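Beneath this line is the structure, given in structure tokens, with notes to follow.
Here the structure is a predicted model, which is why all the values come from computation and not from measurement. Order of the sequence lines sets the chain letters (A, B, ...), proteins ahead of strands, with each chain counted from 1.
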Number of protein chains: 2
Amino acid sequence: METKTHKCLLTGECSSAMRAVQDAIHILEGRWKVQIIVSLFFGTKRFKEISRDLPGITDKMLSKELKDLETNKLVKRTVQDSFPPRVDYALTEHGQTLRTVISELSHWGYAHREEIMGKKMAEAV
Amino acid sequence: METKTHKCLLTGECSSAMRAVQDAIHILEGRWKVQIIVSLFFGTKRFKEISRDLPGITDKMLSKELKDLETNKLVKRTVQDSFPPRVDYALTEHGQTLRTVISELSHWGYAHREEIMGKKMAEAV
DNA sequence: CGGCATCCTTGCCGATACTG
DNA sequence: CAGTATCGGCAAGGATGCCG
């Protein structure tokens, strides 16, 4: 326990694991990413549909975030060349794997709220 | 499946789950939080020890982040009034529960890297 | 050693307007 | 409908210096 295990801390295989964690968080962080993903958990959506699901988001942000998610192969963008223009967004298979992660985060988030607010309050609410 | 389940999207119990996820992410996000926590996975540390584990972090940031983590009851701060001054930081029981979450994020992060870089490259590295 | 105070840069993100 | 273009505020956070 008092051994020099901390030598591995940010060099060696530990740093590789660190980067993996940071990568994962980086994809989920920010005000909108998770909300967009959750919105798409419910199925394929058009730009405006997602927009309506996220009160307060601007077209600019939604556009940017979707582009990010597409770059990360989490979201598939499909263009129908009809009029009016129609573009569909859906989670890729890989995007679907986020369900587990988000579920885990959700559980911890609840537990955390209990810890912070006090167990008693948690039942009260 | 095509039912109007999206009605619940950001109103109702779904929004509660959303907030839980956001809470969890908020605690882990940023450049340093996870690194500090991981550093403390290896045991109780002093301010300078953590600082040495995280090349590039400034005293100001470390101080702020530790305060945040303490506020969230993830880290316990203990002051020995000796000379030179000595302050110990350790994860609380609640802080330890992050192991599962971080482990999950790490796994997904690796899988994500394979997805992005291509499975072939993953073995090559 | 373990910080806090100050200054300053960066870039996130919102508001608004415009296009095909 | 599905975006892009431009402007700009504001807060996170890096650099530096000082203190008990």
B/Leu91 side, atom CG; B/Lys73 side, atom NZ - distance, nearest 0.5 Å: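 Interatomic distance, B/Leu91 CG to B/Lys73 NZ, rounded to 0.5 Å: 15.5 Å.
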Ion pair A/Asp23/A/Arg19, N-O distance below 4.0 Å: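 No, A/Asp23 and A/Arg19 are not salt-bridged.
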[X] side chain near [N] phosphate (N/O to OP1/OP2, under 4.0 Å):
| X | N | answer |
| --- | --- | --- |
| B/Tyr89 | C/dC1 | no |
| A/Arg77 | D/dG3 | yes |
| A/Ser63 | D/dT4 | yes |
| B/Arg46 | C/dC1 | no |

Flag for A/Thr97-B/Trp108: side-chain donor and acceptor within less than 3.5 Å: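 Yes, A/Thr97 and B/Trp108 have a side-chain donor paired with an acceptor closer than 3.5 Å.
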Any side-chain donor near an acceptor of the partner, A/His26 and A/Glu29, under 3.5 Å: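 Yes - a donor-acceptor pair under 3.5 Å links their side chains.
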Please give, in whole Å, the distance from [N] [atom2] to [X] [atom1]?
| X | N | atom1 | atom2 | answer |
| --- | --- | --- | --- | --- |
| B/Leu54 | D/dG14 | CG | C1' | 15 Å |
| A/Gln35 | C/dC13 | CD | C1' | 14 Å |
| B/Glu70 | C/dG2 | CD | C1' | 14 Å |
| A/Lys45 | D/dC1 | NZ | P | 15 Å |
| A/Phe83 | D/dC1 | CZ | C1' | 8 Å |
| B/Ile50 | C/dG3 | CD1 | P | 9 Å |
| B/Glu29 | D/dA11 | CD | C1' | 13 Å |
| A/Asp81 | C/dG20 | CG | C1' | 14 Å |

First of A/Pro85 and B/Pro85 reached from the 5' end of DNA chain C, by closest nucleotide: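 Closest to the 5' end, via its nearest nucleotide, is B/Pro85.
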Name the pairs: protein N/O against N/O of nucleotides 14-18 of chain C, kept only if under 3.5 Å.
residue	atom	partner	partner atom	Å
C/dG14	OP1	A/Arg31	NH1	2.7
C/dG14	O6	A/Lys60	NZ	2.1

Residue pairs passing the ring pair (Phe, Tyr, Trp, His ring centres under 6.0 Å) test where at least one lies in residues 46-89 of chain B, sequence neighbours excluded: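 Listed once each, the pairs would be none.
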Check against side chain to side chain contact (heavy atoms under 4.5 Å, CB included), A/Phe41 and B/Cys14: CA-CA 12 Å; A/Phe41 277 163; B/Cys14 203; over 6 Å; no
A/Ile27 vs A/Lys33 side-chain heavy atoms within contact, under 4.5 Å: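 No, their side chains stay 4.5 Å or more apart.
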